[in-house]
2 protein chains.
Amino acid sequence: MDTEKYTGILRENGIKVTPQRLEVLRFLDKNRIHPTADDIYRALKKDNPSLSKTTVYNVLDILSKYGLVEVLTISGTESRYDYKSTRHQHFLCTSCGRIVDIHIKGLCMDCMPEKGHKVEEVHGYFKGTCRDCLKGVGG
Amino acid sequence: MDTEKYTGILRENGIKVTPQRLEVLRFLDKNRIHPTADDIYRALKKDNPSLSKTTVYNVLDILSKYGLVEVLTISGTESRYDYKSTRHQHFLCTSCGRIVDIHIKGLCMDCMPEKGHKVEEVHGYFKGTCRDCLKGVGG
DNA sequence: ACCTTATCTGTAATGATTACAATGTAGTAT
DNA sequence: ATACTACATTGTAATCATTACAGATAAGGT
């Protein structure tokens, strides 16, 4: 189940390999749905009933510290997590609550170092109504 | 104390005028520091000891619904509020925790309607180390 | 001044996240 | 293989922002 892939990613970053870390990383890679910590917890608990929610938070914390996952705070009430791959931006549908990926070419990041601040992360957050909700398909 | 200004703004938007709404709106206009709800509550409670924090939340809720204030979720743990004036972006210093305004000209917003989504809000969120912290001045 | 309706207040509940102490586990040296 | 050490995991309890709710209060129209 691709275990070598995720083992390699963790090792390359100097993160000790544990089954829980592998599972969280694999879940985020396979499910690009910007899940909450609780989403991840409930999904992984099916195959690992002894999993603790604290562990999920701990794992997400270390993965984000090493830049393997991105923490999204777009929705306000809870954090969402995203496997970090190619650069993309996020769009929150205020109707169905989903976050969808969008790709913007015009977003110029290199005009950044304004006023001497050192920019380490760039997030483009957009809100509105997604295509499906506009069509009346709903969430 | 500029009461007419804020009374006018509320009236123009069809929002019933109350002392609490005037105070919150005035505070946000005069203090462009992206305060939390609790910051606002503590500041206004000095002159109005009977103020309730629920009222602060209610007022912020209605002001944001009418587009008079912007809700920032950049810092994750708590919402921050910003008087809505000229378009600008936000930069969170991960060292001192402050949010500072930045102005980006290259940020192309009109290349937006991608894949049929209807974009209603655009937020540019940037993280890094602010000028003061880089200089060792600290927060 | 009265009435209706919306607002304000304070307390209690909720829900996400964090703190912490005890248990378990991986890797290493003996 | 055994013991050691350090770190990870677990579960419970605490924290903190936010929301729900019910009673008191105030605003605008008659």
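Here is the naming used below: chain letters follow the sequence lines, and residue numbers restart at 1 for every chain.
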Legend entry - Cationic N near anionic O, under 4.0 Å, A:R26 to A:D2: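 Result for this pair is no, no salt bridge flagged.
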Legend entry - N/O donor-acceptor pair, side chain A:T54 with base C:dA19, under 3.5 angstrom: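 Between C:dA19 and A:T54, which were checked side chain against base, a qualifying N/O pair under 3.5 Å is present.
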Inset, instruction - Run the numbers on B:Y125 and A:Y125 for ring pair (Phe, Tyr, Trp, His ring centres under 6.0 Å), then give the verdict. - result: CA-CA 7 Å; B:Y125 283 174; A:Y125 283 174; 5.1 Å; yes
Grab the [atom1]-[atom2] distance between [X] and [N] for me, whole Å please.
| X | N | atom1 | atom2 | answer |
| --- | --- | --- | --- | --- |
| B:Y41 | D:dC16 | OH | C1' | 15 Å |
| B:R42 | D:dC16 | CZ | P | 12 Å |
| B:L60 | C:dT7 | CG | P | 15 Å |
| A:K53 | D:dA8 | NZ | P | 22 Å |
| B:E78 | D:dT18 | CD | P | 7 Å |
| A:Y57 | C:dA16 | OH | P | 7 Å |
| B:I40 | C:dC8 | CD1 | P | 14 Å |
| A:N58 | C:dA22 | CG | P | 18 Å |

Inset, instruction - Could you tell me whether A:T36 contacts a base, only the sugar-phosphate backbone, or nothing, with contacts defined as non-hydrogen atoms closer than 4.0 Å? - result: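 Counting heavy atoms under 4.0 Å across all strands, no contact is made by A:T36.
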Inset, instruction - Remember a base hit wins even if backbone is also touched, and classify B:D38 as base, sugar-phosphate or nothing at under 4.0 Å, heavy atoms. - result: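 No contact at all - B:D38 keeps every heavy atom at 4.0 Å or more from the nucleic acid.
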Legend entry - Check: B:H90 ring centroid to B:H123 ring centroid under 6.0 Å: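 Ring centres of B:H123 and B:H90 not closer than 6.0 Å.
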Under 4.0 Å from OP1 or OP2 of [N]: is there any side-chain N or O of [X] that close?
| X | N | result |
| --- | --- | --- |
| B:Q20 | D:dA26 | no |
| B:S50 | C:dT9 | yes |
| B:T55 | C:dT9 | yes |

Legend entry - B:K16 or B:K45, whichever maps to the more 5' nucleotide of DNA chain C: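 The 5'-side residue here is B:K16.
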Inset, instruction - Please tell me which of B:R21 and A:T77 maps to the more 5' nucleotide of DNA chain C, matching each residue to the nucleotide holding its nearest heavy atom. - result: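 Whichever sits nearer the 5' end wins; that is B:R21.
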Inset, instruction - When you get a sec, tell me which of C:dT9, D:dT9, C:dT17 is the closest nucleotide to the side chain of A:A37? - result: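 The listed nucleotide nearest to A:A37's side chain is C:dT17.
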Inset, instruction - Identify which nucleotide among D:dT10, C:dT17, C:dC8 has an atom closest to any side-chain atom of B:T18, counting heavy atoms from C-beta outward. - result: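 Nearest listed nucleotide: C:dC8.
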Legend entry - In one Ile/Leu/Val/Met/Phe/Trp/Tyr side-chain cluster, 4.5 Å: B:V71, B:I33: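 Not linked; separate clusters.
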Legend entry - Contact nearer the 5' end of DNA chain D, comparing B:P19 with B:R80: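 Result: B:R80.
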Legend entry - Partner of A:I40 by side-chain contact (heavy atoms from CB on, under 4.5 Å), out of A:L51, A:V59, A:L60, A:N31: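 Answer to the side-chain contact (heavy atoms from CB on, under 4.5 Å) test with A:I40 among A:L51, A:V59, A:L60, A:N31: A:L60.
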